[in-house]
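Report on one structure; see the data block that follows.
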Amino acid sequence: MSQTNETFNPLDPTGMLKSMRDASLDAWSKTMIQFVNTEVYSQATGALLDAWLANSDPFRKLLEKTMTQALTSLNLPTRDDVTRLAERLTQVEMRLDDLDAKLDKLPRAARRGPAVSGSKAHTEEKS
Amino acid sequence: MSDTQARTSTATDGGAEALKTSKNLQTFRRLLTTDARIAQTPKEVVWTLNKAKLYRYIPVVPEPQRKKLPLFMVFAIMNRPHVLDLRPGHSFVEYMLKHGYDLYLLDWGAPGPEDSQLKFDDYVLDYLPRAIRKFKSVADCDEFSMLGWCLGALISTLYATLRPNDGLKNLLLLTAPLDFSNKTSSGFSLWTNAPTFNPDRVVDSFGNVPGELIDTGAKMLKPVENYLGTYLNLWENIDNPKVVESWHAMNTWVRDIIPMAGEAYRQLINEFFKENRLMNGTLVLRGERVDLGKLKANLLNVIAEADHITPPCQSEGVLDKVGSQDKQVFRVRGGHIGIMAGSGAEKTTWPHIEQWLGARSG
């Protein structure tokens with residue numbers, strides 16, 4: 001977008017229009033970058049986001065409560081139930097990973113094993 | 001030429017032009033609505049935990065010719081890592097494999113509602129050490145190199161600092177956001193430090209921060225380029241298969257957005273962006289204070305000079321704080337993603353990384 005037309009020809013109206021468009025886009029782009037990097041923009045977007053979240057919060061909570069009540073009355077798991085189950089699964093996975101770590105140590109220990117017993121035997125012979 | 005012939009010729013030209021425009025429009029629509037085949041380099045999953053997966057790329061160089069130290073790559077937690085392996089013929093992964101590296105990639109995955117409590121403490125002291133433990137076992141190595149990009153670089157730095165004796169020999173940081181002392185250095189710093197911005201409400205409302213919110217924030221840093229310029233650029237080059245293929249691959253990656261774990265987001269804004277705890281030496285993860293002086297690995301800090309997401313000043317300061325004896329900065333002309341995935345990356349960033357790493361992987 002910011003590329004300039006290097007083969008500028010004043011007799012070529014399409015090329016001229018393109019150059020003008022590129023120049024105006026560049027200027028627009030710089031202005032916008034400067035604008036989004038101002039305190040005014042930062043404060044305005046922060047306030048807007050906060051206001052939107054604050055205002056939608058009661059509706060969101062109401063919807064969640066209604067949904068939870070509906071699912072509970074239908075004897076179906078709620079979002080919290082599924083989340084708790086997923087958390088427990090992750091805990092189980094961590095335990096499995098701990099076991100896997102211990103299993104992974106075995107081949108290394110086995111490789112080191114004969115060397116250790118060999119050196120032990122050697123020491124015993126010496127003594 | 002007779003009048004009839006001239007009229008016929010004009011009509012033919014006009015028809016051909018209309019046909020071409022129609023074809024270009026179809027191509028344009030296809031590129032916007034379909035996914036390119038990205039991340040095609042063959043790999044296998046060697047470890048999983050929750051949503052996280054550790055991949056090992058299938059080596060292409062015979063074992064005796066491979067570098068001694070394997071490379072472990074960590075990407076950011078709010079994007080897919082496919083940009084490291086964008087498309088065949090233009091992939092950092094492919095490049096490093098050809099240079100004889102045994103390559104591993106940690107993909108954090110997309111957090112679900114059950115992961116909203118995950119913090120940097122969990123990523124740095126639980127997930128990463130477990131993945132590295134498995135990686136060392138599969139690669140059968142005691143020493144290794146690590147590459148972190150963006151927030152992945154922040155996580156890698158924290159790990160390298162807290163676990164300096166875990167075998168990490170070389171640490172490569174790409175566009176690492178570490179120093180937030182300059183509150184006006186980037187749009188993100190300005191926005192997150194505005195008194196009206198309330199990260200707690202964002203997290204309390206959403207749980208996990210939606211990918212769309214993060215994506216919009218990143219795009220608003222350069223609104224005209226991201227919402228208009230990129231599409232104009234595509235339209236103007238729609239006859240150029242190379243540009244089209246590259247644009248399609250990048251757009252596929254950009255569109256594939258994922259949420260960020262809520263507590264990690266809260267921590268990022270409050271403890272890093274606002275309080276700059278890492279550089280001030282006051283960051284504590286699970287009771288352990290993060291003292292950058294304890295980072296001993298050889299360090300290459302790659303900085304993008306035109307980075308609007310992580311401006312250079314957020315990465316530069318770390319070199320004075322770390323305890324590494326061998327530390328270097330490599331400045332590249334380009335943006336946050338462009339330095340690794342842009343058309344010039346293959347001639348500038350990748351060879352420099354490979355040479356630096358190659359000299360320290362023997």
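Naming convention: chains lettered A, B, ... in sequence-line order (proteins, then strands); numbering from 1 in each chain.
Contacts between B:Phe188 and chain A at a heavy-atom distance below 4.5 Å are absent for every atom of the residue. Neither the backbone nor the side chain of B:Val138 comes within contact range of chain A; no heavy atom of the residue lies under 4.5 Å from a heavy atom of that chain. For chain A, the nearby part of B:Lys136 is the backbone; its heavy atoms alone come within less than 4.5 Å. Contact of B:Asp126 with chain A is made through the side chain alone, with heavy-atom distances under 4.5 Å. Interface remark: A:Phe35 contributes no atoms to any contact with chain B (heavy atom separation under 4.5 Å). Heavy atoms of A:Leu53 lying under 4.5 Å from chain B belong to its backbone as well as its side chain. A:Ala54 touches chain B through backbone and side chain together, each having a heavy atom under 4.5 Å away. Contacts between B:Leu213 and chain A at a heavy-atom distance below 4.5 Å involve the side chain alone, from C-beta outward. With a threshold of 4.5 angstrom between heavy atoms, B:Pro113 approaches chain A through its backbone and through its side chain. Heavy-atom distances place the backbone of A:Thr38, and not its side chain, under 4.5 Å from chain B.
Below 4.5 Å, heavy atoms of chain B meet heavy atoms from A:Asp57, A:Arg60, A:Arg79, all part of residues 55-81 of chain A.
The number of heavy-atom neighbours closer than 6.0 Å to CD of B:Glu44, taken from other residues, nucleotides and ligands shown, is above 12. Counted within 6.0 Å of CH2 on A:Trp52, heavy atoms from surrounding residues, nucleotides or ligands total 12 or fewer; the atom is thus considered open. Remark: B:Lys51 NZ is packed, more than 12 non-hydrogen atoms of other residues, nucleotides or ligands lying under 6.0 Å away. By the 6.0 Å contact criterion, CZ on B:Arg333 is open, its count of non-hydrogen atoms from other residues, nucleotides or ligands being 12 or less.
A distance of 7.0 Å separates CE of A:Met94 from CG of B:Asn50, quoted to the nearest 0.5 Å.
With respect to chain B, the highest number of heavy-atom pairs below 4.5 Å among A:Gly46, A:Pro107, A:Ala86 belongs to A:Gly46. Across A:Glu87, A:Lys30, A:Gln43, the residue that shares the most heavy-atom pairs under 4.5 angstrom with chain B is A:Gln43. Residue with the most contacts toward chain B among A:Thr83, A:Leu85, A:Asp97: A:Asp97 (heavy-atom pairs, distance under 4.5 Å). Residue with the most contacts toward chain B among A:Ala51, A:Ala47, A:Ala44: A:Ala47 (heavy-atom pairs, distance under 4.5 Å).
Annotation: side-chain hydrogen bond (donor to acceptor under 3.5 Å, both in side chains) contacts involving residues 211-222 of chain B, sequence neighbours excluded, comprise B:Asp215-B:Lys219.
In this structure, A:Thr45 and B:Phe197 have side chains that are not in contact, with every pair of non-hydrogen atoms separated by 4.5 Å or more. In this structure, the side chains of A:Arg21 and B:Leu232 come closer than 4.5 Å at one or more pairs of heavy atoms.
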Residue pair A:Ile33, B:His308: steps toward the side-chain contact (heavy atoms from CB on, under 4.5 Å) verdict: CA-CA 10 Å; A:Ile33 290 172; B:His308 61 292; over 6 Å; no

Please determine whether side-chain contact (heavy atoms from CB on, under 4.5 Å) holds for the pair B:Tyr227 and A:Met32, giving the CA-CA distance in whole Å, both sets of side-chain angles, and the decisive distance to 0.1 Å. CA-CA 12 Å; B:Tyr227 288 111; A:Met32 283 304 290; over 6 Å; no

Might you work through the side-chain contact (heavy atoms from CB on, under 4.5 Å) test for B:Val202 and A:Leu49, ending with a clear yes or no? CA-CA 8 Å; B:Val202 174; A:Leu49 180 66; 3.9 Å; yes

Please test A:Glu93 against B:Thr48 for side-chain contact (heavy atoms from CB on, under 4.5 Å), starting from the C-alpha separation and ending with a verdict. CA-CA 9 Å; A:Glu93 269 193 274; B:Thr48 64; 4.2 Å; yes

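The closest donor-acceptor contact from the side chain of B:Trp191 to the backbone of A:Tyr41 lies at 3.5 Å or more, if one exists at all.
Here the closest heavy-atom approach between residue A:Val36 and residue B:Pro223 is recorded as CG1-CG, 4.3 Å.
The pair A:Asp100-B:Arg133 meets the salt-bridge criterion, since a charged nitrogen lies less than 4.0 angstrom from a carboxylate oxygen.
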